[in-house]
Student: 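One structure, as structure tokens, below. Some questions next.
Remember, predicted model here, so these are calculated numbers, not experimental data.
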Amino acid sequence: MSDNGWSADRIDTESAHSARIYDYILGGKDYYPADKEAGIAMSREWPALPIHMRANRDFMNRAVRYLAEEAGIRQFLDIGTGIPTSPNLHEIAQAVAPDSRVVYVDNDPIVLTLSQGLLASTPEGRTAYVEADMCEPATILEASELRETLDLTRPVALTVIAIVHFVLDKDDAYGIVNRLLEPLPSGSYLAMSIGTADFAPNEVARVAREYAARDMPMRLRTEAEAERFFDGLELVEPGLTQVHKWRPDATATEDIKDEDIAMYGAVAHKP
């Protein structure tokens with residue numbers, strides 16, 4: 001499937017993986033037959049799934065652009081990066097401010113294998129990659145790659161995009177996000193998108209069953225549960241909303257219905 005020449009010794013090619021399913025549905029090329037089969041099955045259960053995934057990606061782009069342009073953030077910590085898809089976060093931030101610094105975090109060996117696409121920084125800025133599990137925030141925060149790239153005395157934007165729906169209650173998604181935010185100074189930001197079944201419960205439940213059947217159980221959250229991630233923070237207007245409604249811009253090319261989106265999104269300021 002891929003023409004990138006991966007070293008496959010650490011990659012399970014027989015089982016579908018959420019990042020590769022996402023890549024397949026978004027029209028990428030870094031996936032295996034099991035991922036394609038899963039993507040086809042999930043899209044059959046909910047034909048709006050590609051619209052939903054594109055809208056989430058567009059939300060990330062707009063949120064990062066806001067953080068760089070309007071909030072003046074020059075440091076980013078991206079959790080659960082996934083397979084590189086241009087424009088990557090550093091490309092968006094560095095297009096606004098070439099001196100932006102970005103640390104990407106993922107525990108998927110395929111993302112590490114493809115990480116050169118995440119490390120092509122501008123000369124003025126810097127990017128780094130940390131191979132770590134988001135469920136182990138101390139490992140992330142203590143990583144030398146992070147400490148050498150980011151100055152934790154200055155504001156940092158923590159981005160957690162389309163990943164917490166794979167964190168079950170037993171693993172305490174709220175606690176993980178709080179621990180990642182804790183060492184970041186006043187003036188930092190949190191940008192998140194959070195899976196939900198509030199708008200298309202039957203369709204999204206069927207997609208969740210397809211994920212669970214492939215050993216990827218999901219924890220979809222209500223609006224109230226999504227809001228909890230931002231306790232103690234100051235939400236940026238328009239607050240928590242479906243991702244396609246968060247500061248839409250002129251680049252939107254699809255007429256999106258609310259029932260086609262299963263993700264809440266928000267950006268919040270740490271006072």
Student: Do Y189 and L184 make a side-chain contact, defined as non-hydrogen atoms from C-beta onward lying under 4.5 Å apart?
Tutor: no

Student: Keeping the roles fixed (side chain from K270, backbone from P155), state whether a donor-acceptor pair exists under 3.5 Å.
Tutor: no

Student: Between W46 and H52, what is the ring plane arrangement, given parallel below 30°, perpendicular above 60°, and tilted in between?
Tutor: tilted

Student: Please round to the nearest 0.5 Å and tell me the distance separating atom CG of L158 and atom OG of S188.
Tutor: 9.0 Å

Student: Has T149 got a side-chain atom pairing as donor or acceptor with A128's backbone, closer than 3.5 angstrom?
Tutor: no

Student: Could you give me the CA-CA distance, side-chain angles and deciding distance for Y66 and F59, then say whether ring-ring contact (aromatic ring centres under 6.0 Å, His included) is met?
Tutor: CA-CA 10 Å; Y66 164 81; F59 163 77; over 10 Å; no

Student: Counting only heavy atoms not in D215, do more than 12 fall under 6.0 Å of its CG?
Tutor: no

Student: Just wondering, do L152 and R147 contact through their side chains at under 4.5 Å, heavy atoms?
Tutor: yes

Student: Nearest 0.5 Å please: distance from the CD atom of Q94 over to the CG atom of L89.
Tutor: 9.5 Å

Student: Please report the closest heavy-atom contact between P87 and R57, naming both atoms and the distance.
Tutor: O-NH2, 3.1 Å

Student: Would a single hydrophobic cluster contain both I194 and L168, if residues Ile, Leu, Val, Met, Phe, Trp and Tyr are joined by side-chain heavy-atom contacts under 4.5 Å?
Tutor: no

Student: Quick one: are L150 and R101 in side-chain contact, heavy atoms under 4.5 Å?
Tutor: yes

Student: Run through I161, V164, L240 and flag the one making a side chain to side chain contact (heavy atoms under 4.5 Å, CB included) with M192.
Tutor: V164

Student: Could you tell me whether the side chain of I40 reaches within less than 4.5 Å of the side chain of E37, counting heavy atoms only?
Tutor: no

Student: I need the I261 CD1 to K245 NZ distance, nearest 0.5 Å.
Tutor: 10.0 Å

Student: So, using side-chain hydrogen bond (donor to acceptor under 3.5 Å, both in side chains) as the criterion, who are the partners of E145 when residues are at least two apart?
Tutor: none

Student: Roughly how far, to the nearest 0.5 Å, is the CG atom of D78 from the NE2 atom of H90?
Tutor: 11.5 Å

Student: Would you say the side-chain atoms of R126 pair up with the backbone N or O of E148, donor to acceptor, closer than 3.5 Å?
Tutor: yes

Student: So I21 and M216, side-chain contact (heavy atoms from CB on, under 4.5 Å) or not? Walk me through it.
Tutor: CA-CA 12 Å; I21 295 169; M216 292 176 280; 3.7 Å; yes

Student: Where is the tightest heavy-atom contact between G82 and A19, given as atom of each residue plus distance?
Tutor: CA-CB, 4.4 Å

Student: Give a yes or no on whether the backbone of F166 and the side-chain of R219 come within a donor-acceptor separation of less than 3.5 Å.
Tutor: no

Student: Using a strict threshold of under 4.0 Å (side-chain N to carboxylate O), is an ion pair present between R206 and E210?
Tutor: no

Student: Return yes if some donor-acceptor pair links the side-chain N/O of D260 with the main-chain N/O of A48 below 3.5 Å, else return no.
Tutor: no

Student: Is E223 close to T196 at the side-chain level, that is, under 4.5 Å between some pair of heavy atoms?
Tutor: no

Student: Answer yes or no: is there a donor N or O on one side and an acceptor on the other, between the side chain of R154 and the main chain of R74, under 3.5 Å?
Tutor: no

Student: Going from CD on E203 to CG on L49, what distance comes out if it is rounded to the nearest 0.5 angstrom?
Tutor: 11.5 Å

Student: Considering the options E69, E237, E70, which one meets the salt bridge (charged side-chain N to carboxylate O under 4.0 Å, His left out) requirement together with R247?
Tutor: E70

Student: Please test D35 against D23 for side-chain contact (heavy atoms from CB on, under 4.5 Å), starting from the C-alpha separation and ending with a verdict.
Tutor: CA-CA 9 Å; D35 309 302; D23 184 73; over 6 Å; no

Student: Could you walk me through whether T139 and D133 pass the side-chain contact (heavy atoms from CB on, under 4.5 Å) test, one step at a time?
Tutor: CA-CA 8 Å; T139 301; D133 189 328; over 6 Å; no

Student: How close do P98 and T122 get, heavy atom to heavy atom, and via which atoms?
Tutor: O-OG1, 2.5 Å

Student: Are W246 and V96 connected in the hydrophobic side-chain network, where two residues link if heavy atoms are under 4.5 Å apart?
Tutor: no

Student: Any non-hydrogen side-chain atom of R179 less than 4.5 Å from a side-chain atom of L141?
Tutor: no

Student: Are Y104 and N88 close enough that a side-chain donor and a side-chain acceptor fall under 3.5 Å?
Tutor: no

Student: May I ask you to test the Y22-N56 pair for a side-chain heavy-atom distance under 4.5 Å?
Tutor: yes

Student: Does some side-chain heavy atom of I176 sit less than 4.5 Å from a side-chain heavy atom of C135?
Tutor: yes

Student: About how many Å separate NE2 of H244 and CG of D255, when rounded to the nearest 0.5 Å?
Tutor: 9.0 Å

Student: Apply side-chain contact (heavy atoms from CB on, under 4.5 Å) to residues F199 and V204 and explain how you reach the verdict.
Tutor: CA-CA 9 Å; F199 301 94; V204 174; over 6 Å; no

